[in-house]
Amino acid sequence: MSETAKLILGDETFELPVFEGSEKEKGIDITKLRATTGGYVTLDSGYKNTGATTSAITFLDGEKGILRYRGYSIEELADKASFLEVAYLLIEGELPTKDQLDKFKHSIEHHTMVAEDMRKFYQAFPHEAHPMAVLGSLVSSLSTFYPESQNPNRSKEDVDLTIHRLIAKLPTLAAWTYKNSVRHPVVYPNNNLEYSENFLRMMFSVPAEEYKVDPVIASALNKLLILHADHEQNCSTSTVRIVGSSQANLYASVSAGISALWGPLHGGANQAVIEMLEAIKADGGDTEKWLAKAKDKNDPFRLMGFGHRVYKNFDPRATIIKKACDEVLDKLGIDDPILDIAKKMEQAALNDPYFKDRNLYPNVDFYSGIIYRAIGIPTEMFTVMFAMGRLPGWIAQWKEMLDQKQPIGRPRQIYTGANARSFVDIANR
Ligand code: CMC
């Protein structure tokens, strides 16, 4: 007999089925809980114990520090694959053959241009606008140029075209967001370059000088994009799935994901890490003082880039990034005082009982910002880089949600407000 869970409510016992995943993870299936118990729901703020879906895309074991996309370890993928290969894997479910990859790349390369009219949108934004605000708006506005994406009953070919357009155009939109912020002319894509190289060229070329892509930098960026490509049901991915569950189009769903990613507790942490390190430096570099602030419950300061909702041992992405970070800094011969503070802070936190007892370790964002900074990416663009990496994951999860024919996402609540009362006329209040 398959396993069940027993729920005792007063005199009654309810049996709940237990669902087991392919890695032996177990979940109590409460799909019929309200109906069978006469209205009970579960209460789980922050969804810390809620499996919102089954998914065959990413496996993560936070205790053991395991992360796999479609069964392949993040270590192997970061070492051997290209970002577009990983994007194909996430979205289509299998590694592409040479022919499939060639076709996929060809399609991406033929959609890297964005409509000229979109350039006018940039001019309307103040040049100090945060790039995540600009990117989210532009991604959403892509649906106005491709209205067929709004049809929920579109063919597989149409869905693929929408997906390819989005993957192809995001680096162009991202680089142009930066160019607009410095009021420089935009650089058009060069489809002879690889995905990461093309982005770097659009970011850093100026009319007077074509940017020469350094292979060490392009390879580090390729790794960073792969490491960020999916992370199962995190805040932004859950947002994409829930927005998509209303049958909103892909551009709108991903734009919502970009907004969710922006927050400093999620993707915005990479920007927050560098800002924190700069603040510590400006304050005289006393890491002990800042560590004490992070531990003080009366102080809202948290050590940015430390801790994770699911990794309670180490973040496997951080291990890979730390190595890539050393390689880039070494190659570029960078001696950055911010890095010294980061290293001091990391060592002090790793040896501190507060962080040890709570299993707080450096996460992916602790190091990614240091690489971006070394490459010359401005701090406010860091979360945009994360968004570029996360895009295939958002798309794969959106597509899976539709293929699973999931119902519209709509959590319940337990109401704690006032009971019914009569309206009081304003003169008597
Ligand atoms: N600095 C100081 N204390 C911390 C930190 C931190 N960075 N993170 C967690 N804690 C403490 C927290 O105060 C709590 O202490 P206590 O048990 O005494 O109340 C305990 O550790 C557990 O924390 P939590 O807030 O219940 O954990 P959570 O799973 O809700 O939050 C987190 C996870 C990532 C939001 C949190 O660790 C955090 O705010 N970290 C800093 C922001 C950051 O680096 N975010 C990027 C995450 S990785 C990129 C991504 O995938 O989004």
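Start at 1 and go down the list; that is how both ligands and their atoms are numbered. In this chain, residues are counted from 1 in sequence order. Please read these numbers as outputs of a predicted model, since none were measured by experiment.
Using a 30° and 60° split on the angle between ring planes, H231 and H308 fall in the perpendicular class, above 60°.
With contacts defined as side-chain heavy-atom distances shorter than 4.5 Å, the pair L101/E85 qualifies. Using a 4.5 Å heavy-atom cutoff, the side chains of L84 and I167 are in contact.
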Item to check | F386 and W262: CA distance, side-chain angles, deciding distance, ring pair (Phe, Tyr, Trp, His ring centres under 6.0 Å) verdict | outcome: CA-CA 9 Å; F386 192 151; W262 189 1; over 10 Å; no
Can you produce the list of protein nitrogen or oxygen atoms under 3.5 Å from a nitrogen or oxygen of ligand 1, alongside each distance?
residue	atom	partner	partner atom	Å
ligand 1	1 (N)	L303	N	3.1
ligand 1	3 (N)	Y354	OH	2.9
ligand 1	7 (N)	L303	O	2.8
ligand 1	7 (N)	F306	O	3.0
ligand 1	13 (O)	K297	NZ	2.9
ligand 1	13 (O)	R302	NH2	3.2
ligand 1	15 (O)	K297	NZ	3.1
ligand 1	15 (O)	R358	NE	3.2
ligand 1	18 (O)	K297	NZ	3.1
ligand 1	18 (O)	R358	NE	3.0
ligand 1	18 (O)	R358	NH2	3.0
ligand 1	25 (O)	R302	NH1	3.3
ligand 1	25 (O)	R302	NH2	2.9
ligand 1	26 (O)	K48	NZ	3.3
ligand 1	29 (O)	R309	NE	2.7
ligand 1	30 (O)	K48	NZ	3.3
ligand 1	30 (O)	R309	NH2	3.0
ligand 1	39 (O)	R302	NH1	2.7
ligand 1	40 (N)	F306	O	2.9
ligand 1	44 (O)	G305	N	2.8
ligand 1	44 (O)	N363	ND2	3.0
ligand 1	45 (N)	L265	O	3.1
ligand 1	52 (O)	H266	ND1	2.5

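The cationic atom of K179 (NZ for Lys, CZ for Arg) does not lie both less than 6.0 Å from the six-membered ring centre of W176 and within 45° of the ring axis. Under a cutoff of 6.0 Å and an axis angle of 45°, R358 and Y354 form a cation-pi pair.
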